[in-house]
Amino acid sequence: MPLRFHNTLTQQTQVFEPLEGNLVRMYTCGPTVYDFAHIGNFRTFVFYDILRRWLRLSGYKLDHVMNITDVDDKIIRNATALGQSLGQYTDTYTKAFLDDCATLRLERPERLARATEHIPQMAAAIKKLEDTGYTYRSDGSIYFRIAKFPEYGKLSHNDFSGIVSGARVDVDEYEKNDARDFALWKAPKPGEFNWDTEVGTGRPGWHIECSVMAVQYLGATLDLHAGGVDLVFPHHENEIAQSEALTGKQFARYWMHSEFLLVDGQKMSKSLGNFYTLRDLFGKGFTPESVRYLLASVPYRKGLNFTFDGLTSSKTAIERLRNFKHRLDTAKLAPGLGEAIQSLAVASLKQFRDAMDDDLNTAEALGAVFEFLREANTALDAGTFLEDNRAAALELLNLFDAVFEILVPAEQAGAIPAEEVESLIAARTAAKKARDFAKSDAIRNELLEKGVILEDTKEGVRWKRK
RNA sequence: GGCGCGGUAGCCAAGUGGUAAGGCCAGGGUCUGCAAAACCCUUAUUCGUGGGUUCGAUUCCCACCCGCGCCUCCA
């Protein structure tokens, strides 16, 4: 089945094909580094990661740019309050963001682009828009005149034709000609962080950075542009207006937007006390893998209701997958090929691929894995899962983990070393053999307290960390 | 009000014009010195409400109710 994505621009799910061969030029909206990113942000960043991985696994090469917005009102406010330079302030949160991404095993885009490192390019773009009549100045700021861009609204499917009537409004009386016009360049404020450029002193508006950096690194027409739904309007709509006014070419061919994450059915907000960063969750004992799994398991276009029950349930599901992987890796199997389980493996692999091809339907892809897992366990118990079945089963599981990447546990600081665990297990086994159950149970409890769970199986003792 | 997304078992959630994937929880079982862990089994005559189209709708159409998002730089 061909790879298909839902395109916000056309409001349809359509076959994805890049403009040029197997190279995908993509741009995703990254964080504004004014604070720690929260799990709602990471829902979107995990979506980018799944998208990247599936494109790669589908045989595409990626040229992916993500911006780091390191100048905006909140950053300026906070940095000023702390008496820090912009760079000092944003470095802290940029680093925290990148650390969090690594913890969640998010692939790094081919390029991260910081807004403050592209100020001259933004000024040049604004200059060009001025020269071509797309802008006007007002009180030292430069605005984009959306009346000059008839297609404005095509992404968010809003009809602005009734609102766009700039001529009525007196420029001297109003900051903007039209309520929908947006700032390309903001007038300098005394005591704040400003840049001297060819269009004057001040600082860039929010939207221009994405247009400029995307076009600079990826060319006038992107294959794919993604972000959270809340960015559809105005951010992405404005990006389109600027970019297409600038280049005269279609800006992005496919627009993908991830839905919101809710907490207990409500929007996350500081006042409700349901506002979580990754640090908060790890502090409560949840693992990065559980967070990653939960955020990845609900298809990106569906609102995701985040709950602690959900995290706990993810942890259990991950355990089951890891147990199965371990069993596949270590089981002693009779030679031969079990026909039934083999055809199920092939079918499950196809189902997994088809589901991912269908606009990244991760929920159905997971369903395929678990269904196979159950049948394979039954076959393993029954002895109808044979040596030559191992490869296809591992292929499915490896493909699954190439997307979800949760099978290998993260290292935990302060954990009991493996050698120590092994020697305690040896002592327990000896005690059991001598039928000294008091001693063997004591060792078992000691290990449990240190976070190690023992599993007595026919093949011997297996252990894992809690 | 406009635009968009969604309402499927206790919770999370997939899906199709032909009679409901999967995960978690719960209950039952296998295994075990006892446990744990692991594994298996069971769990929606029903898909927000009311109409309509159809031989047949959760799936198509209409209306309504409810939740969420955007409509001033929130992923």
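Below, chains carry the letters A, B, ... as their sequence lines are ordered, and counting in each starts from 1. Bear in mind that the values here come from a model prediction, so they are computed numbers and not experimental data.
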Take the angle between the ring planes of A:Phe182 and A:Phe144 and call it parallel below 30°, perpendicular above 60°, tilted in between. parallel
Can you tell me which nucleotide in B:C74, B:A13, B:G23 comes closest to the side chain of A:Lys74? B:C74
Counting just side-chain N and O atoms, does A:Arg462 come under 4.0 Å of either OP1 or OP2 of B:A38? no
A:Arg77 CZ to B:C74 C1': how many Å, rounded? 13 Å
Using a heavy-atom cut-off of 4.0 Å across all strands, would you classify A:His235 as base, sugar-phosphate, or nothing? nothing
With respect to the side chain of A:Glu371, which nucleotide from B:A21, B:C39, B:A75 is positioned closest? B:A21
Could you let me know what B:G33 is paired to, Watson-Crick or G-U wobble, both distances under 3.5 Å, or none if it's on its own? none
NA contact type, A:Asn361, heavy-atom cut-off 4.0 Å: base, sugar-phosphate, or nothing? sugar-phosphate
A:Leu262 CG - B:C12 P separation (whole Å): 11 Å
Paired nucleotide for B:A20 [Watson-Crick or G-U wobble; both distances under 3.5 Å]: none
Remember a base hit wins even if backbone is also touched, and classify A:Asn41 as base, sugar-phosphate or nothing at under 4.0 Å, heavy atoms. base
Can you measure A:Leu366 atom CG to B:C12 atom C1' for me and round it to whole angstrom units? 12 Å
With a 3.5 Å cut-off and heavy atoms only, can you find an N or O donor on one side and an acceptor on the other between the side chain of A:Asp456 and the base of B:A36? no
Which residue lies toward the 5' end of RNA chain B, A:Glu319 or A:Tyr293, if each is placed at its nearest nucleotide? A:Tyr293
Taking atom P of B:A35 as reference, at what distance in whole Å does atom CG of A:Leu454 sit? 17 Å
Starting from P on B:A20, measure out to CD on A:Glu364 and report it in whole angstrom. 17 Å
So does A:Asn158 get a side-chain nitrogen or oxygen closer than 4.0 Å to the phosphate oxygens (OP1/OP2) of B:C71? no
Ring-ring centroid check A:Phe282 A:Phe286, cutoff 6.0 Å: no
Does the pair A:Lys95/A:Asp99 count as a salt bridge with the N-to-O cut at 4.0 Å? yes
Taking a pair as Watson-Crick or G-U wobble with both distances under 3.5 Å, which nucleotide is matched to B:A14? none
So A:Ser258, base contact, sugar-phosphate only, or nothing? Heavy-atom distance under 4.0 Å. nothing
Compare side-chain N and O positions of A:Arg327 against OP1 and OP2 of B:C40 and report whether any pair is under 4.0 Å apart. no
Nearest-Å distance for atom pair NZ/C1', residues A:Lys315 and B:A37: 13 Å
Exactly one of A:Tyr276, A:Phe42, A:Tyr93 clears ring pair (Phe, Tyr, Trp, His ring centres under 6.0 Å) with A:Phe36, and that residue is A:Tyr93
If you look at every strand shown and take non-hydrogen atoms under 4.0 Å, does A:Thr378 touch a base, only sugar-phosphate, or nothing? sugar-phosphate
Listed nucleotide nearest any side-chain atom of A:Asn305, set B:C12, B:C71, B:C74: B:C12
What does A:Thr8 touch in the nucleic acid at a heavy-atom separation under 4.0 angstrom: a base, only the sugar-phosphate, or nothing? nothing
Would you mind reading off the distance between A:Met268 atom CE and B:G69 atom C1', rounded to a whole angstrom? 13 Å
Among B:A75, B:G23, B:A13, the one nearest any side-chain atom of A:Lys302 is B:A13
Residue A:Arg428, side-chain atoms from C-beta onward, closest of B:A35, B:A38, B:A75: B:A35
Do A:Arg374 side-chain and B:C41 base share a donor-acceptor contact under 3.5 Å? no
Using distance alone, with no hydrogens and no angle criterion, decide if A:Asp70 and A:Tyr89 have a side-chain donor and acceptor under 3.5 Å apart. no
Using the rule for Phe, Tyr, His and the six-membered ring of Trp, do A:Phe437 and B:G33 stack at under 5.5 Å and under 30°? yes
If you only use heavy atoms from C-beta on, which nucleotide in B:A38, B:A35, B:C71 is closest to the side chain of A:Pro234? B:C71
Counting any heavy atom closer than 4.0 Å, what does A:Val232 reach on the DNA or RNA strands: base, sugar-phosphate only, or nothing? nothing
In plain terms, say whether A:Lys325 and A:Asp329 are close enough for a salt bridge, that is, a side-chain N and a carboxylate O under 4.0 Å apart. yes
Nearest of B:A38, B:A14, B:G4 to any side-chain atom of A:Gln11? B:G4
If you check every side-chain atom of A:Ala363, which of B:C12, B:G23, B:A21 has the closest atom? B:A21
Residues two or more places apart in sequence or in another chain: which of them pass ring pair (Phe, Tyr, Trp, His ring centres under 6.0 Å) with A:Phe275? A:His38
Classify A:Gly227 by what it touches in the nucleic acid, base, sugar-phosphate, or nothing, heavy-atom distance under 4.0 Å. sugar-phosphate
To the nearest angstrom, the CZ-P distance between A:Phe308 and B:C12 comes to 15 Å
For the C1' atoms, the ones on B:G23 and on B:A14, what distance do you get once it is rounded to whole angstrom? 11 Å
By salt bridge (charged side-chain N to carboxylate O under 4.0 Å, His left out), A:Arg145 pairs with (sequence neighbours left out) none
Hey, which sits more toward the 5' end of RNA chain B by its nearest nucleotide, A:Glu375 or A:Leu294? A:Leu294
Looking across every strand, which nucleic acid part, if any, lies under 4.0 Å from A:Ala317 by heavy atom: base, sugar-phosphate, or nothing? sugar-phosphate
Looking across every strand, which nucleic acid part, if any, lies under 4.0 Å from A:Phe260 by heavy atom: base, sugar-phosphate, or nothing? base
Considering just the side-chain nitrogens and oxygens of A:Lys432, establish if one lies under 4.0 Å of OP1 or OP2 belonging to B:C34. no
Nucleotide paired to B:C64 in any strand shown, Watson-Crick or G-U, under 3.5 Å: B:G48
Atom P, compared across B:C41 and B:C66: separation rounded to whole Å: 43 Å
Polar pair under 3.5 Å, donor/acceptor by atom type, side chain A:Asp441, base B:G33: yes
Exercise: do A:Asp280 and A:Thr277 side chains pair donor with acceptor under 3.5 Å: yes
Which is true for A:Asp230 with a 4.0 Å heavy-atom rule: it touches a base, it touches only sugar-phosphate, or it touches nothing? base
Which nucleotide in B:G22, B:C70, B:C34 has an atom nearest any side-chain atom of A:Arg444: B:C34
Compare side-chain N and O positions of A:Arg301 against OP1 and OP2 of B:G6 and report whether any pair is under 4.0 Å apart. no
